[in-house]
Enquirer: 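Dropping the structure in here first, questions after.
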Amino acid sequence: MEDRSKELLLRYEKTLDCIHCGLCLSACPTYLQSGNEADGPRGRISMMRALAEGELSIEDGVKEPMELCLLCRACESTCPSAVQFGTMMEITRHEIHRHKKQDFLARACERFMLKKVLPNRRLLGVFATLTRCYSSWGISRALHFLGLHRLLPGTLRRMESSIPDIPKKNARRPLPSFTPAATEKKRGRVAFLSG
């Protein structure tokens with residue numbers, strides 16, 4: 001990390017406020033899923049401190065636990081010490097992203113998807129349809145069978161391998177504004193943000 005970023009983390013007094021009580025672990029979805037200390041707020045704070053003090057570098061396996069964090073800040077609401085975990089994660093992720101080695105094509109694809117496709121509902125629909133065709137028509141299998149996927153740069157190859165299964169267009173229609181409960185016993189109402 002650059003000196004300025006180290007200073008930001010070390011000067012940020014809440015970094016040292018974590019008393020390692022573990023109350024945050026029961027609120028952290030990634031920790032609950034993996035059971036791995038590094039995937040919980042307590043482990044991430046320890047890694048952030050080690051990064052800031054120069055004991056760890058980004059290449060020491062720090063990147064994955066930091067990127068797995070959903071930044072939901074559920075840990076903050078259970079923390080008795082009021083540790084502002086979200087702010088520390090934002091600083092750390094910024095540093096990781098700045099040091100990430102990515103080829104030009106992968107960066108351009110990522111930027112295009114995040115800035116142009118995701119904010120535009122119509123363009124997102126077009127990409128969903130194209131992705132579905134790519135998967136369901138066997139194009140992906142053919143490229144892998146012929147070994148042509150190996151021609152892609154490493155980052156794009158990883159992106160290609162993580163393309164999700166896209167449902168048919170009629171299954172992607174908007175949700176109704178109200179859906180009654182499947183059971184007769186009503187226990188309350190739940191809101192769902194579909195955006």
Side-chain angles (χ1 to χ4, degrees), residues 1 5-6 8-102 106 109-110 113-114 118 128 131 135 140 144 149 154-167 171 175 179 181-183 185 187-195:
M1 278 189 177
S5 302
K6 287 181 185 179
L8 277 171
L9 273 179
L10 286 171
R11 215 172 358 133
Y12 190 58
E13 59 193 40
K14 292 292 181 188
T15 310
L16 303 173
D17 283 350
C18 177
I19 58 173
H20 302 287
C21 64
L23 288 174
C24 57
L25 298 177
S26 63
C28 177
T30 54
Y31 175 79
L32 291 173
Q33 184 67 34
S34 73
N36 185 355
E37 179 74 18
D39 293 337
R42 191 168 62 177
R44 289 180 178 121
I45 288 172
S46 294
M47 282 189 273
M48 288 178 209
R49 199 174 298 146
L51 274 171
E53 293 169 353
E55 294 175 21
L56 279 178
S57 71
I58 291 171
E59 292 78 28
D60 292 334
V62 171
K63 195 168 92 170
E64 187 177 343
M66 297 301 176
E67 288 181 347
L68 282 176
C69 177
L70 303 175
L71 273 173
C72 64
R73 297 183 181 208
C75 55
E76 288 184 4
S77 62
T78 61
C79 181
S81 301
V83 174
Q84 295 178 10
F85 180 76
T87 305
M88 294 186 293
M89 275 300 299
E90 289 166 7
I91 294 167
T92 305
R93 278 196 175 163
H94 176 73
E95 285 305 310
I96 287 171
H97 188 72
R98 281 180 1 88
H99 287 85
K100 195 190 307 188
K101 290 183 178 123
Q102 249 188 352
C109 285
E110 186 178 282
M113 293 301 288
L114 291 174
L118 285 178
T131 303
S135 299
S140 173
H144 282 263
H149 69 289
T155 309
L156 284 180
R157 196 175 325 125
R158 283 191 297 280
M159 286 179 182
E160 190 272 342
S161 69
S162 63
I163 290 175
D165 290 332
I166 307 287
L175 295 170
T179 305
T183 62
K185 186 178 178 186
R187 292 189 293 180
R189 291 183 82 144
V190 176
F192 178 72
L193 178 64
S194 63

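Below, each value reflects all heavy atoms present in this structure, side chains not excepted, and no hydrogens, waters or symmetry copies. Quick caveat: nothing in here was measured; it's all calculated off a predicted structure.
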Enquirer: Distance check, rounded to the nearest 0.5 Å: Ile91 atom CD1 versus His94 atom NE2?
Expert: 9.5 Å
Enquirer: For a quick test of reading the model, state the closest non-hydrogen atom pair linking Cys24 to Cys75 and the distance between them.
Expert: CB-CB, 3.7 Å
Enquirer: Can you sort out the partners of His144 under ring pair (Phe, Tyr, Trp, His ring centres under 6.0 Å), two or more places apart, ordered by chain and number?
Expert: His149
Enquirer: Roughly how far, to the nearest 0.5 Å, is CZ of Arg49 from CD of Glu55?
Expert: 10.0 Å
Enquirer: Where do Thr30 and Leu70 come nearest, in terms of heavy atoms and distance?
Expert: CG2-CG, 4.2 Å
Enquirer: Any donor-acceptor pair under 3.5 Å linking the side chain of Arg44 with the backbone of Phe85?
Expert: no
Enquirer: List for me each residue that meets side-chain contact (heavy atoms from CB on, under 4.5 Å) alongside Leu32, sequence neighbours excluded, and say none if there are none.
Expert: none
Enquirer: Using side-chain heavy atoms (C-beta onward) and a distance below 4.5 Å, is Val83 in contact with Met88?
Expert: yes
Enquirer: For Ser135, what residues pass the side chain to side chain donor-acceptor pair (under 3.5 Å) criterion, not counting sequence neighbours?
Expert: none
Enquirer: At their closest point, which heavy atom of Ala27 faces which heavy atom of Pro29, and how far apart are they?
Expert: O-CD, 3.3 Å
Enquirer: With sequence neighbours excluded, what pairs up with Glu37 under the salt bridge (charged side-chain N to carboxylate O under 4.0 Å, His left out) test?
Expert: Arg42
Enquirer: Do you know the tightest heavy-atom contact between Met47 and Pro65?
Expert: CE-CB, 3.6 Å
Enquirer: Considering all heavy atoms of both residues, which atom of Leu25 and which atom of Gly40 are nearest to each other, and what is their separation?
Expert: CD2-CA, 4.1 Å
Enquirer: Could you grab the distance from atom CG of Leu51 to atom OG of Ser46, nearest 0.5 Å is fine?
Expert: 11.0 Å
Enquirer: If you look only at pairs with a residue in residues 73-85, which of them pass as a salt bridge (charged side-chain N to carboxylate O under 4.0 Å, His left out), with sequence neighbours excluded?
Expert: Arg73-Glu90
Enquirer: If I take atom CE from residue Met48 and atom OG1 from residue Thr92, how far apart are they, to the nearest 0.5 angstrom?
Expert: 4.5 Å
Enquirer: Do Arg93 and Leu71 come within less than 4.5 Å of each other through their side chains, counting heavy atoms only?
Expert: yes
Enquirer: What pairs with Thr131 under side chain to side chain donor-acceptor pair (under 3.5 Å), at least two apart in sequence or on another chain?
Expert: none
